[in-house]
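Proteins get letters first, then strands, A, B, ... in listed order; numbering begins at 1 in each. All values below come from the heavy atoms of this structure, side chains included, with hydrogens, waters and symmetry mates left out.
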2 protein chains.
Amino acid sequence: MSNVKVKIALADDHTLFRKGMISLIQMVNNSHEILFEADNGIEVQHKIDPLSLPDIMLIDVNMPVMDGYATVDWLKLHHPSVKVLVVSMIQDEESIMRMIKLGVKGYLSKDVEPEELKNAIAAITSKGFYYTDYITGKLVHSLQQEEDYAQKDALIPLNAKEKEFIKMACSEFTYAEIAQRMNLSPKTIDGYRLSVFEKLGVKSRVGLAIYALRNGMAR
Amino acid sequence: MSNVKVKIALADDHTLFRKGMISLIQMVNNSHEILFEADNGIEVQHKIDPLSLPDIMLIDVNMPVMDGYATVDWLKLHHPSVKVLVVSMIQDEESIMRMIKLGVKGYLSKDVEPEELKNAIAAITSKGFYYTDYITGKLVHSLQQEEDYAQKDALIPLNAKEKEFIKMACSEFTYAEIAQRMNLSPKTIDGYRLSVFEKLGVKSRVGLAIYALRNGMAR
DNA sequence: AAAAAAAACAGGGAAAACCCTGTAAAAATT
DNA sequence: AATTTTTACAGGGTTTTCCCTGTTTTTTTT
């Protein structure tokens, strides 16, 4: 650990919890400096000093006025160098994924041991992130869900021409232009249109395009 | 660790590497049983015994005839209980993400210390997965890339009604139905259509839907 | 209060998409 | 070789989308 103090700031609407965290952080050793604390995102915006940005910000998800998501989003845009460690009671996959996608460097439960909080801050300082097994598990699970969802198409038998037609339909070409490009008559294309509409259960070309994009049949 | 041996199988086209791995695994302690080894995915399909499935399969990405992806995909479908640990020289984000999405429980480089291989097998056996910091980093990075890509829309000034229209247009409603639902005349909707077409540079409703989905303006 | 800008609406027409029913040729089955 | 299935294609009509040129009403600015 270097001789420069790690600068930390906190955003959490529960004063008692916030004060507790601060005392915990300072108890560990004196290599951490608390820059400021805030009740919510708006206060963060006012209290943050561009000339002395925190290295790490501990942020809660649930806060009044401006919640954790909005706060992280704002930080990402205005002070991207600030590394965010979420500390929240909320542990559901959706919140975790949303925060990870916003670029947070760690996500802890509020009932972890003080030791783990220390480890998290140390890891984020040294290698840039700290994801527990729980978080990693959620992350991977979510990815696989997406993928599984995107593969029900294998259940619907579509031949090569139909798949090609679907890809072509996900564009601004007219059916007449698609016919040209596939060397088929517009009437044949109309036949493919009808058959894929029925197979996929869509009622319009827009519906088809949406279905295809959502299910990875076209990019 | 229980008294039942952990059953392991390997798929890698490099015989020497495979043999080395086996000796390493058996050297650790005698709690591991090697069920079989295979040159590629096809051999896995033939050698695997549904009555005595491996707990963990070590699989390489690059293999002739049937590669790692196809092998994992096959295992996922036919023997989902088999936990896959990828061991490969390939370490790029795309391969890693593809394998993770296929549900592999770990991904190691071929030049890790034997100690880490041991840890990985132990972790997968006990808690179900083993992702190194490197893999976790790639995972999170890939997620954030996706999200960043999906947010350039803020650059184009669209008012609330236009955004609502775009969402509605990403459906199978006709413009007349959209007009009803937004309590506006079809002719007004036609005006919104023209203005968003121009702002987003699209030429048809399908083009609009594709643009909106790709840029996160509609789900 | 007047001027300017934005939002809502309209007529009308051409092009594209949609949706029937039906036929001819090629390919696969038997 | 005969039959069935699949693929390719057509006529013709309805609806929807697209696109042009406007007017009226509401909101914002000065």
I need the CG-C1' distance between A:L200 and C:dC18, as an integer number of Å.
16 Å
Ion pair A:D190/A:R193, N-O distance below 4.0 Å
yes
Does A:E198 or A:A176 map to a spot on DNA chain C nearer the 5' end, using the closest nucleotide for each?
A:A176
For the pair made of CG in A:L194 and C1' in D:dT7, what is the distance, rounded to whole Å?
14 Å
Which of D:dC9, C:dC18, D:dC18 is nearest the side chain of A:L184? It is D:dC9
Cationic tip of B:K110 within the cone over B:F17's six-membered ring, i.e. under 6.0 Å and within 45° of the normal?
yes
Check whether any side-chain nitrogen or oxygen of A:S204 sits under 4.0 Å from OP1 or OP2 of C:dA17, and answer yes or no.
no
Grab the CD-C1' distance between B:E172 and C:dC19 for me, whole Å please.
15 Å
d(NZ, A:K203; P, D:dT15) in whole Å
17 Å
Between C1' of D:dT16 and CD1 of B:I178, the distance in whole Å
11 Å
Rounded interatomic separation in angstrom, taking CD from A:E177 and P from C:dA16
8 Å
By the 4.0 Å heavy-atom rule, please label B:D190 as base, sugar-phosphate, or nothing.
base
Quick one: is A:Y175 getting a side-chain N or O under 4.0 Å of the C:dC18 phosphate, OP1 or OP2?
yes
Find out whether the Lys NZ or Arg CZ of A:R98 is both under 6.0 angstrom from the six-membered ring centre of A:Y69 and within 45° of the ring's axis.
yes
Pairing partner of D:dT30 (Watson-Crick or G-U wobble, both distances under 3.5 Å):
C:dA1
Phosphate OP1/OP2 of D:dT7 contacted by A:N159 side-chain N/O (<4.0 Å)
yes
Would you mind telling me which of D:dG12, C:dA10, C:dA17 lies closest to the side-chain atoms of A:T174?
C:dA17
Send over the distance from A:R193 CZ to C:dA17 P, rounded to a whole Å.
10 Å
Just the rounded figure in Å: distance from P of D:dT16 to CD of B:Q180.
11 Å
Between D:dC18, C:dC18, D:dA10, which nucleotide gets closest to the side-chain atoms of B:R205?
D:dC18
Of all the choices, D:dT7, D:dC19, D:dC9, which nucleotide is nearest to the side chain of B:F197 once you look at every atom?
D:dC19
Considering all heavy atoms, the nearest A:T125-A:I121 contact
OG1-O, 2.6 Å
Would you call A:K83 and A:D55 a salt bridge, using N to O less than 4.0 angstrom?
no
Can you tell me whether the side chain of B:K187 and the base of C:dG12 have a donor-acceptor pair closer than 3.5 Å?
yes
